[in-house]
Chemist: 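The structure's right below; bear with me while I get my questions together.
This one's a predicted model, so the numbers in the text were calculated from it and none came from an experiment. Below, read A as the first sequence line, B as the second, and so on, with proteins coming before strands; counting in each chain starts at 1.
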Protein chains: 2
Amino acid sequence: MQTATETLQPMRFSEFRQMALISMEDICREIFYENQASIKTKKEAVAVRNLANIFNTTLRLSNEKGFQTMSLRDLSRASGLSMGALYSYFTSKEELLEMIQNQGHRLTRRVLSQHIEAVSKVDQKLRIAIRAHLYLTEVMQPWFYFSFMETKNLDKAQQKKSIEGELATEQMFIDILTEGLEQSVFELDNPVLTATVIKAMLQDWYVKRWKYSRRRISVDEYADFVIFVIESIVMDNQSRSSQ
Amino acid sequence: MQTATETLQPMRFSEFRQMALISMEDICREIFYENQASIKTKKEAVAVRNLANIFNTTLRLSNEKGFQTMSLRDLSRASGLSMGALYSYFTSKEELLEMIQNQGHRLTRRVLSQHIEAVSKVDQKLRIAIRAHLYLTEVMQPWFYFSFMETKNLDKAQQKKSIEGELATEQMFIDILTEGLEQSVFELDNPVLTATVIKAMLQDWYVKRWKYSRRRISVDEYADFVIFVIESIVMDNQSRSSQ
DNA sequence: GTCTATAGTGCGATAGAC
DNA sequence: GTCTATCGCACTATAGAC
């Protein structure tokens with residue numbers, strides 16, 4: 001059986017965006033039903049529209065000047081909702097932070113495992129994992145940047161979740177590298193350090209977004225380069241993909 | 001003429017720490033004389049001691065929960081200085097941020113250029129630049145982390161300085177790579193992207209410090225690995241250093 | 001379901017005692 | 001040179017009108 005991701009033609013970003021189907025509306029509908037206890041507004045259509053507005057505005061303002069620095073008055077002004085209306089959707093500023101954080105984590109896990117599991121050959125798996133991660137962070141750049149910057153403002157329990165998420169991503173790469181090592185497809189001394197530098201490169205894509213935009217480097221160009229770097233250190237010349 | 005950095009034995013971290021002679025006291029003495037206008041305390045010994053205390057405490061608290069979230073009452077409590085005493089050393093919380101930011105930038109420029117200029121061969125220059133940058137960020141980790149995280153809280157003029165600093169570091173690597181390309185010592189297609197991933201790896205060392213500490217990876221181990229990664233993509237097998 | 005008005009808190013900054 | 005006391009302000013969060 002051959003899945004779409006195992007054909008010779010690799011997935012590119014435009015295809016990913018369609019596959020992922022990450023609609024802000026769907027996400028907000030999920031959040032609405034999960035938090036119905038603390039959300040005073042009961043009509044789905046209204047709640048979903050306002051939640052999308054609140055989250056997008058929060059991400060925008062926070063990524064400009066930080067979540068703590070953004071006052072709820074700022075959020076009220078920028079979103080067009082009054083202070084009272086805002087408090088119909090969360091019980092405290094901290095809860096707003098948690099809602100945004102949780103939803104992103106869940107979505108990340110879901111999308112990444114969907115893509116990796118579809119592939120069986122280990123060298124393809126490595127390429128797909130790098131590509132899928134970059135594409136995901138491209139679609140959800142504001143959330144990834146927000147999550148990266150605001151981790152230290154979370155309570156201890158939520159901070160632990162963030163750290164676990166980071167280490168899980170790295171573990172995924174360590175596992176792929178180790179599997180390739182056992183199959184003699186890869187040749188490398190230090191899977192942990194190798195996975196760490198992959199993670200560092202993937203992170204730079206969403207943390208230093210302004211740099212790549214300014215230089216007009218596309219996500220596909222960057223993905224190709226990261227794959228080139230990693231293949232250079234774990235594969236010999238003739239086994240490298242032309243992808 | 002052969003300088004210390006061009007002997008076969010490469011500089012290691014212990015040596016760098018001694019060479020750099022980055023004493024907190026010296027830095028604070030510089031700051032004291034530069035800001036004598038706004039500092040009310042006139043006795044050097046007292047001022048230098050208190051400035052060191054203020055800066056160290058600010059870096060510690062800010063790196064835990066962010067500069068904006070740290071109130072001056074927090075700083076007063078943790079440093080043992082009263083609110084009034086704090087305001088003898090800066091005229092506003094924003095000025096405190098600027099003082100810390102400026103001093104770090106100046107020191108970074110000074111130390112980096114000192115080390116790179118001492119080397120002539122381009123492959124050595126690349127290695128020394130990577131090593132010196134990592135060693136510097138190791139010595140001044142709290143400042144680099146602080147600077148990275150708080151850039152968005154600076155005013156426009158200061159933000160521009162931060163961006164210029166980042167791009168200057170990258171340009172240094174682009175120049176070294178281009179020089180090596182012209183001399184046919186390096187072989188690579190994209191100096192800009194290559195410099196960018198070098199920067200991403202160097203940045204991870206001070207941004208994700210907790211990860212490397214937990215895994216007991218030393219700065220020398222990390223430096224060796226980054227150099228290995230970069231040499232793998234810009235040099236063929238036989239020209240690579242055993243460093 | 002959303003608004004305005006306001007209570008209560010803690011902030012940055014300063015004046016004046018010692 | 002450092003302290004305590006306090007001012008004015010902006011914040012989070014809520015109560016009650018519509």
Chemist: Can you tell me if NZ on A/K65 sees more than 12 non-hydrogen neighbours from other groups inside 6.0 Å?
Modeler: yes
Chemist: Using a 4.0 Å heavy-atom cut-off across all strands, classify B/T41 as base, sugar-phosphate, or nothing.
Modeler: sugar-phosphate
Chemist: Let me know the distance between CG of A/L81 and P of C/dT4, rounded to the nearest Å.
Modeler: 11 Å
Chemist: Quick check: closest heavy atoms across A/I174 and A/A195, and the distance to 0.1 Å?
Modeler: CG1-CB, 3.5 Å
Chemist: Hey, does B/D74 reach any base, or is it just sugar-phosphate, or nothing, if we go heavy atoms under 4.0 Å?
Modeler: nothing
Chemist: Quickly work out the B/M70 CE to C/dG10 C1' distance and round it to whole Å.
Modeler: 15 Å
Chemist: Distance check needed: C/dT4 P versus A/R77 CZ, whole Å only.
Modeler: 13 Å
Chemist: Whole-Å distance between C/dG1 P and A/L86 CG?
Modeler: 16 Å
Chemist: Check for me whether the distance between the ring centres of A/Y145 and A/Y206 falls short of 6.0 Å.
Modeler: no
Chemist: For A/K42, I'd like to know if atom NZ has over 12 heavy atoms of other residues, nucleotides or ligands within 6.0 Å.
Modeler: yes
Chemist: Would you say B/N50 reaches D/dT2's phosphate, i.e. side-chain N/O to OP1/OP2 under 4.0 Å?
Modeler: yes
Chemist: Check whether any side-chain nitrogen or oxygen of B/S71 sits under 4.0 Å from OP1 or OP2 of C/dC11, and answer yes or no.
Modeler: yes
Chemist: Provide, to the nearest angstrom, the distance between the CD atom belonging to B/Q68 and the P atom belonging to C/dG10.
Modeler: 19 Å
Chemist: Whole Å only: how far is the CG atom of A/L75 from the C1' atom of D/dA10?
Modeler: 16 Å
Chemist: Is the number of heavy atoms from other residues, nucleotides or ligands under 6.0 Å of A/K152 NZ greater than 12?
Modeler: yes
Chemist: Might you list the N or O atoms of the protein lying below 3.5 Å from N or O atoms in nucleotides 13-15 of chain D, with each pair's distance?
Modeler:
residue: D/dA13; atom: OP2; partner: A/Y87; partner atom: OH; Å: 2.5
residue: D/dA13; atom: OP2; partner: A/K93; partner atom: N; Å: 2.9
residue: D/dA13; atom: O5'; partner: A/Y87; partner atom: OH; Å: 3.2

Chemist: Rounded to whole Å, please give me the gap between CD in A/Q36 and C1' in C/dG1.
Modeler: 15 Å
Chemist: What pair of heavy atoms forms the shortest contact from B/S162 to B/H105, and how long is it?
Modeler: OG-CE1, 3.6 Å
Chemist: Using distance only, find each side-chain donor-acceptor pair of residues 47-54 of chain B under 3.5 Å and give its atom names and separation, not counting sequence neighbours.
Modeler:
residue: B/N50; atom: ND2; partner: B/Y89; partner atom: OH; Å: 2.8
residue: B/N53; atom: OD1; partner: B/T57; partner atom: OG1; Å: 3.0
residue: B/N53; atom: ND2; partner: B/S79; partner atom: O; Å: 3.0

Chemist: Rounding to an integer number of Å, can you tell me how far B/I39 CD1 sits from D/dT2 P?
Modeler: 12 Å
Chemist: Quick check for you: among D/dT2, C/dG1, C/dC3, whose closest atom lies nearest to any side-chain atom of A/V46?
Modeler: C/dG1
